[in-house]
Amino acid sequence: MLSTLLLRASRSPRVRQAVVGFPVTRRVVDRFVAGESVEAAIRTVRELAADGLYATLDHLGEDTHDATQATAIRNAYVELLTVLSRNGLTGCAEVSVKLSALGQGLPEIGEKLALENARAICEAAEAVGTTVTLDMEDHTTVDSTLRILRELRQDHPWVGAVLQSMLLRTPQDCRDLAHSGSRVRLVKGAYAEPAEVAHTHKPDVDAAYRRCAEILMAGGGYPMIASHDPRMIEVAGWAAHAAGRVRGQYEFQMLYGIRTDEQRRLAGSGERVRVYVPFGTDWYGYFMRRLAERPANVTFFLRALIGR
Ligand code: FDA
């Protein structure tokens, strides 16, 4: 219930204004966001690399409804890739991109515009020797995102996809994408979805996650197990073993600021671990989804607001 309210609020301009306006919000946001500038993001990638962790960088922004803004976000990614290369970090960092930030939601031209912008980012990534993963947003965007993925993969077969176990369609999408060379990040799903298309009970989302992890591990692609849930990590490890995979033929992924000790423990045990590092000024939607995932985060936020 609370989580649904927070996810609705994540798309409300009025709540956005109020939350962003609280001076203390920034302190809480810092727990989940690596900073506002490219320099802050680069610093974080270096710190992670020093601990044996890989990174995927998210230049925060979503739901762009203006082509000029979509182009600006594309340019920001291209510039980010140049800076990563200049700093010698493309071996340990890639980028994650939300197609809605690249204009996917614009009426009529959205899909074409997002494809063109994503293509420019993929070309820039290929030029510096790294990869791009397309984040997955709410269920209304999945078909369009997978169409764009297919187009991009014609020239850049390494482009990564994200699939959400909460969606009823996802086991089939996993089967379709579990082929050689296909990078797939499996997540539970962070959006409020209706029962017609999604599991609405957590145990069902978790059971579907296990099934999907098994499908991806048994297939020929490169599974990226993105979860902080110890049970999902354990099951994925077993599934990798059962499929005869060795470390490096799959990876674990977690979000910046969440279960950081576990990120380091897994990396220390020899697993490949990548941290999703969001940065930038447009953090509102991302931050609200993190609050929605865990009631304790809301308490933490409220405590900061009332100054305790
Ligand atoms: P679950 O929510 O069951 O959490 C398990 C445990 O992890 C909790 O008990 C807690 O200890 C810890 N935890 C989880 N979330 C926390 C939080 N916010 N704060 C503090 N602790 C927390 N979703 C999506 O729809 N599209 C996408 O493209 C992506 N991309 C993505 C990339 C990566 C690398 C990750 C790790 C996740 C995503 N997600 C996502 C988010 C994902 O769908 C999901 O909402 C979160 O990962 C939370 O689910 P868990 O699998 O961690 O399990």
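Ligands are counted one by one from 1 in listed order, and the atoms in each one are counted from 1 as well. Numbers for residues simply follow the sequence, beginning at 1. Note that this is a predicted model, so its numbers are computed, not measured.
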Shortest protein contact, [atom] (heavy atom only):
atom: atom 44 (C) of ligand 1; answer: Glu293 OE2, 3.5 Å
atom: atom 20 (C) of ligand 1; answer: Arg294 CD, 3.3 Å
atom: atom 39 (N) of ligand 1; answer: Val187 CG1, 3.8 Å
atom: atom 13 (N) of ligand 1; answer: Ile258 CG2, 3.8 Å

Exercise for the section: In sequence, state the C-alpha distance, the side-chain angles, and the governing distance for Lys188 and Asp229, and then conclude on salt bridge (Lys or Arg N to Asp or Glu O under 4.0 Å). Expected result: CA-CA 10 Å; Lys188 289 189 186 176; Asp229 187 335; 2.8 Å; yes
Can you tell which part of [X] has a heavy atom less than 4.0 Å from ligand 1: side chain, backbone, both or neither?
X: Lys188; value: both
X: Tyr191; value: side chain
X: Arg185; value: side chain
X: Leu255; value: both

List the atom pairs, donor and acceptor, that lie under 3.5 Å between side-chain atoms in residues 35-44 and the rest of the protein, sequence neighbours left out.
{"unit_1": "Glu36", "atom_1": "OE2", "unit_2": "Arg26", "atom_2": "NH1", "d": "3.0"}
{"unit_1": "Ser37", "atom_1": "OG", "unit_2": "Ala40", "atom_2": "N", "d": "3.1"}
{"unit_1": "Thr44", "atom_1": "OG1", "unit_2": "Ala40", "atom_2": "O", "d": "2.9"}

Just distances here: any N/O of [X] and N/O of ligand 1 closer than 3.5 Å?
X: Ala190; result: yes
X: Ser227; result: yes
X: Arg259; result: no
X: Asn297; result: yes

Run the numbers for me: atoms of ligand 1, each under 4.0 Å from some heavy atom of [X], listed by number.
X: Tyr276; value: 32 (C), 34 (C)
X: Ala226; value: 33 (C), 34 (C), 35 (C), 36 (C)
X: Met254; value: 36 (C)
X: Asp135; value: 28 (O)

Exercise for the section: Keeping to residues at least two apart or across chains, list the side chain to side chain donor-acceptor pair (under 3.5 Å) pairs with something in residues 209-225. Expected result: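 Only Tyr222-Glu251 qualify under side chain to side chain donor-acceptor pair (under 3.5 Å).
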Selected option - heavy-atom contact closest to [atom], from [options]:
atom: atom 43 (O) of ligand 1; options: Gly189, Ser3, Pro278, Pro230; result: Gly189
atom: atom 6 (C) of ligand 1; options: Gln253, Lys98, Glu262, His228; result: His228
atom: atom 41 (C) of ligand 1; options: Gln164, Arg289, Arg290; result: Arg290

Practice task
Describe, in one word, how the ring planes of Phe287 and Trp283 are oriented to each other, choosing from parallel (under 30°), tilted (30 to 60°) and perpendicular (over 60°).
Solution key: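 Answer is perpendicular, since the angle exceeds 60°.
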Practice task
Using the rule that two of Ile, Leu, Val, Met, Phe, Trp, Tyr join whenever any of their side-chain heavy atoms come within less than 4.5 Å, decide whether Val97 and Val142 are in one cluster.
Solution key: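 Result: yes, single cluster for both.
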Practice task
Answer with yes or no whether the hydrophobic clustering places Leu146 together with Leu134; edges join I, L, V, M, F, W, Y residues whose side-chain heavy atoms lie under 4.5 Å apart.
Solution key: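 Yes, it is one cluster - the side chains of Leu146 and Leu134 are joined through contacts under 4.5 Å.
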Practice task
Report, as yes or no, whether the 6.0 Å neighbourhood of atom NE2 on His241 holds more than 12 heavy atoms from other residues, nucleotides or ligands.
Solution key: no
Practice task
Inspect the surroundings of CZ in Arg247 and state if more than 12 heavy atoms from other residues, nucleotides or ligands are less than 6.0 Å away.
Solution key: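 Count over threshold, so yes.
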Practice task
Assess the side chains of Thr131 and Glu126: does a donor N or O sit below 3.5 Å from an acceptor N or O?
Solution key: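 No, Glu126 and Thr131 have no side-chain donor paired with an acceptor closer than 3.5 Å.
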Exercise for the section: Answer yes or no for Lys202: is there a heavy-atom contact with ligand 1 below 4.0 Å? Expected result: yes
Handout entry: 4.0 Å heavy-atom contact, Met136 with ligand 1
Key = yes
Practice task
Tell me whether the centres of the aromatic rings in His139 and Tyr191 are closer together than 6.0 Å.
Solution key: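 Between Tyr191 and His139, which both carry aromatic rings, the centre distance is not below 6.0 Å.
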Practice task
State whether Tyr54 and Arg272 meet the cation-pi test: NZ (Lys) or CZ (Arg) under 6.0 Å from the six-membered ring centroid, and within 45° of the perpendicular axis.
Solution key: yes
Practice task
Answer yes or no for Arg290 and Tyr286: cation-pi contact, defined as NZ/CZ to six-membered ring centre under 6.0 Å and angle to ring axis within 45°.
Solution key: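 So Arg290 does make the cation-pi contact.
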Exercise for the section: Salt-bridge test for Lys98 and Glu137: reply yes if a basic N is under 4.0 Å from a carboxylate O, no otherwise. Expected result: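 The answer is no: the pair does not qualify as a salt bridge.
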Practice task
Return yes when at least one protein heavy atom is under 4.0 Å from atom 25 (O) of ligand 1, and no when none is.
Solution key: yes
Exercise for the section: Kindly state if atom 28 (O) of ligand 1 has a protein heavy atom within a strict 4.0 Å cut-off, that is, under 4.0 Å? Expected result: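 Protein heavy atoms within 4.0 Å of atom 28 (O) of ligand 1 - there is at least one.
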Exercise for the section: Could you walk me through whether Asp138 and Arg11 pass salt bridge (Lys or Arg N to Asp or Glu O under 4.0 Å), step by step? Expected result: CA-CA 12 Å; Asp138 71 74; Arg11 289 194 150 154; 3.2 Å; yes
